[in-house]
2 protein chains.
Amino acid sequence: MGPELVAAVRRFNRTVTQRVGALDDEYMASGRPLAQARLLWEISPAGAEVAALRARLGLDSGYLSRLLRALENDGLVTVAPADQVGCDARVRVAALTEAGRAEWAALDERSDEFASSILTPLSEQSREQLVEAMAQVERLLVASMVVIEPCPPGDPRARACVRAYARDIARRFDGGFDPALSKPVHDEELVPPAGVFLLATLNSEPVGCGAVKLHPDAPAEIKRVWVADTVRGLGIGRRMLCDLERYAHERGWTTVRLDTNRSLTEAIAMYRSTGYREIEPYNDEHFAHHWFEKDLTAGAGAA
Amino acid sequence: MGPELVAAVRRFNRTVTQRVGALDDEYMASGRPLAQARLLWEISPAGAEVAALRARLGLDSGYLSRLLRALENDGLVTVAPADQVGCDARVRVAALTEAGRAEWAALDERSDEFASSILTPLSEQSREQLVEAMAQVERLLVASMVVIEPCPPGDPRARACVRAYARDIARRFDGGFDPALSKPVHDEELVPPAGVFLLATLNSEPVGCGAVKLHPDAPAEIKRVWVADTVRGLGIGRRMLCDLERYAHERGWTTVRLDTNRSLTEAIAMYRSTGYREIEPYNDEHFAHHWFEKDLTAGAGAA
DNA sequence: CCATATAGCTGACTTTAGTCAGGCATGTAG
DNA sequence: CTACATGCCTGACTAAAGTCAGCTATATGG
């Protein structure tokens with residue numbers, strides 16, 4: 001990592017925590033302890049489950065409970081079991097009262113004011129430059145917050161990704177997608193040592209996946225590379241591919257292969273640009289039009 | 001202000017306080033209370049006056065004192081009167097001991113690590129994009145932190161600016177600059193109602209100035225527009241000019257004039273681009289080559 | 001010299017944040 | 001039905017953060 005890059009990031013961190021971080025806190029606190037204000041904000045007019053709040057704010061269960069009681073005593077919040085039949089009666093849902101919604105709206109207002117206070121001193125042109133640069137920073141920060149880790153293919157988050165993957169390709173393939181016609185992939189094939197399933201998460205939420213099968217005496221095979229459209233275009237797919245290749249390479253495989261459908265044009269472009277070259281069909285996958293192969297011994301393969 | 005712009009800034013604030021703000025705190029805390037760590041960091045190997053620390057960190061005098069005692073007890077810091085003769089013996093200076101410098105270096109190291117941890121997951125190309133966008137955001141945030149306010153011309157910060165202004169033009173004018181040959185400007189002319197002196201500050205530090213003389217029965221005259229080179233190119237000069245014009249306009253003047261030296265090319269370009277047109281000499285200023293005038297009744301004049 | 005301001009310090013205090021060990025009701029696997 | 005896990009709760013506690021009044025020594029203006 002170049003030291004100038006690191007220095008630039010540090011300068012940014014300093015300026016931004018000074019200007020945005022500190023003032024954000026100040027704007028949040030409205031005569032109310034910060035933790036309470038944050039909690040109120042997080043509950044939002046839509047309401048939220050207690051467990052979700054705990055996860056999002058990273059609070060201790062007891063502490064959160066106490067904060068909720070404080071807001072309840074002030075008449076801003078009600079906490080009650082979700083009143084639907086059949087759902088877990090232990091789970092409780094926090095909702096804003098009339099007064100709570102009013103205070104939430106006040107916080108919302110202040111957030112707007114704060115954002116405006118950053119833009120106001122600038123010229124029209126500078127404002128647009130700033131907003132554009134902010135959007136860019138935000139995109140890339142989000143990208144850098146995505147974590148790619150091995151995950152059992154049976155994990156609910158993994159299942160959710162694979163379902164989303166199937167939905168996506170069903171929508172994109174001309175003629176749709178019928179899993180029954182496709183070569184099946186069994187969970188056991190994606191569990192070490194036979195292979196691996198990698199899950200990409202953003203704040204613990206699944207946003208992408210990919211898998212590799214380590215065929216004995218044959219090239220490794222990459223399957224099910226998928227990225228949620230909320231984080232598409234941030235290089236997650238490329239990182240996923242790279243991590244899968246590294247996984248195979250570290251375990252002694254020198255070649256990876258994959259098949260793909262002609263309608264997945266961006267994916268095909270990505271394969272080509274990261275060193276894959278098209279080869280003759282190596283299987284009879286019903287939905288495949290292109291087959292690719294990459295030699296793992298050639299490139300560096302660093303992240 | 002467009003609501004999309006405000007929304008974009010808010011999204012940025014959210015992402016950035018989450019990723020940078022929270023983790024920055026975490027990286028700062030090294031088994032030591034955050035406030036102590038921040039203080040240690042702020043003292044830095046260069047040392048700092050107690051009053052300066054109080055201002056920079058925004059701490060209560062008593063609280064700061066206690067924090068300093070804590071660091072002193074841990075053998076990280078010494079607090080002593082500045083040992084120069086003739087300086088205020090009440091003012092005390094905090095300095096790092098050997099151990100303090102070691103811990104400061106550790107914090108420095110962690111800051112580097114933190115910055116790296118943001119860049120590491122990204123591709124080479126994304127890293128450069130991120131750093132570029134960060135630099136842009138930082139520049140513009142700094143610009144938006146600059147405050148322009150009226151200030152008595154006798155204020156030490158105002159004097160410092162005017163001195164810096166004189167130094168700057170002395171360096172740039174071909175043939176140097178001799179104040180004795182220039183038309184003098186007296187303090188009384190820059191105090192309401194005769195005129196005004198505006199000071200631009202960044203975190204209370206002076207970074208620019210400008211003045212306008214409200215000549216009775218004659219166009220107002222802009223003088224001494226200067227911007228420190230640390231914040232040049234951020235549109236501060238333009239804002240200063242705009243504020244001076246507004247000041248004159250609000251008090252009934254419809255025209256402003258100014259004279260300038262041919263070597264100040266950026267300034268001349270700025271005058272031209274903000275509605276000034278060149279006119280015949282209206283004075284015999286020794287160092288002036290160009291005279292400009294602007295009609296304040298024409299444009300909108302909004303910030 | 002006096003009155004007054006200023007810089008930093010100390011003691012006494014409150015509030016906020018956060019932790020930990022249980023407790024109770026509900027759910028679930030055997 | 002039992003045993004155990006889970007979700008949320010309360011009580012008891014600690015540490016950190018921050019506030020306020022008053023103190024001492026030095027500076028400053030008359």
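What's counted below: heavy atoms across the whole structure, side chains too, no hydrogens, waters or symmetry copies. Sequence lines set the chain letters: A, B, ... in the order given, protein chains first and strands last, and positions in each chain run from 1.
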> On DNA chain C, nearest-nucleotide positions of Ala89(A) versus Gly58(A): which is more 5'?
Replying inline: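 That would be Gly58(A).
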
Nearest-Å distance for atom pair [atom1]/[atom2], residues [X] and [N]:
{"X": "Leu64(B)", "N": "dA7(C)", "atom1": "CG", "atom2": "C1'", "result": "11 Å"}
{"X": "Leu53(A)", "N": "dG7(D)", "atom1": "CG", "atom2": "C1'", "result": "13 Å"}
{"X": "Arg32(B)", "N": "dA17(D)", "atom1": "CZ", "atom2": "C1'", "result": "16 Å"}
{"X": "Leu67(A)", "N": "dT19(C)", "atom1": "CG", "atom2": "C1'", "result": "13 Å"}
{"X": "Arg90(B)", "N": "dA27(D)", "atom1": "CZ", "atom2": "C1'", "result": "4 Å"}
{"X": "Asp60(A)", "N": "dA12(D)", "atom1": "CG", "atom2": "C1'", "result": "13 Å"}
{"X": "Leu59(A)", "N": "dT16(C)", "atom1": "CG", "atom2": "P", "result": "16 Å"}

> Counting side-chain heavy atoms from CB outward, which of dC8(D), dT10(C), dT19(D) is closest to Tyr63(B)?
Replying inline: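 The closest nucleotide is dT19(D).
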
> So which nucleotide from dA16(D), dA5(C), dG8(C) ends up closest to the side chain of Pro33(B)?
Replying inline: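 Of the options given, the side chain of Pro33(B) lies nearest dA16(D).
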
> Do Glu189(B) and Lys223(B) sit within salt-bridge range, that is, some charged N less than 4.0 Å from a carboxylate O?
Replying inline: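 Salt bridge: no.
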
> What nucleic acid atoms does Asp88(A) come within less than 4.0 Å of, heavy atoms only: base, sugar-phosphate, or nothing?
Replying inline: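 The answer is sugar-phosphate, as Asp88(A) gets under 4.0 Å only of primed atoms, P, OP1 or OP2.
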
> Closest nucleotide of DNA chain D for Ser61(A) versus for Gly31(B): which of these residues is on the 5' side?
Replying inline: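 Taking each residue's closest nucleotide, the earlier one in sequence belongs to Ser61(A).
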
>> A quick test of your reading: do over 12 heavy atoms of other residues, nucleotides or ligands sit less than 6.0 Å from CZ of Arg14(B)?
In response: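 No, not enclosed.
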
>> Counting neighbours of CD on Glu188(B) that are heavy atoms of other residues, nucleotides or ligands and sit closer than 6.0 Å, is the number greater than 12?
In response: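 More than 12 within 6.0 Å, yes.
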
> Between Arg92(B) and dC9(C), is there a side-chain N or O to OP1/OP2 distance below 4.0 Å?
Replying inline: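 Yes, because at least one side-chain N or O of Arg92(B) sits under 4.0 Å from OP1 or OP2 of dC9(C).
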
>> Counting distance alone, no hydrogens or angles: does the base of dG11(D) have a donor or acceptor under 3.5 Å from a partner atom on the side chain of Arg66(A)?
In response: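 In this structure, the two groups form a donor-acceptor pair.
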
>> Does Leu68(A) form a side chain to side chain contact (heavy atoms under 4.5 Å, CB included) with Arg92(A)? I'd like the steps, not just the answer.
In response: CA-CA 11 Å; Leu68(A) 283 171; Arg92(A) 313 227 302 159; over 6 Å; no

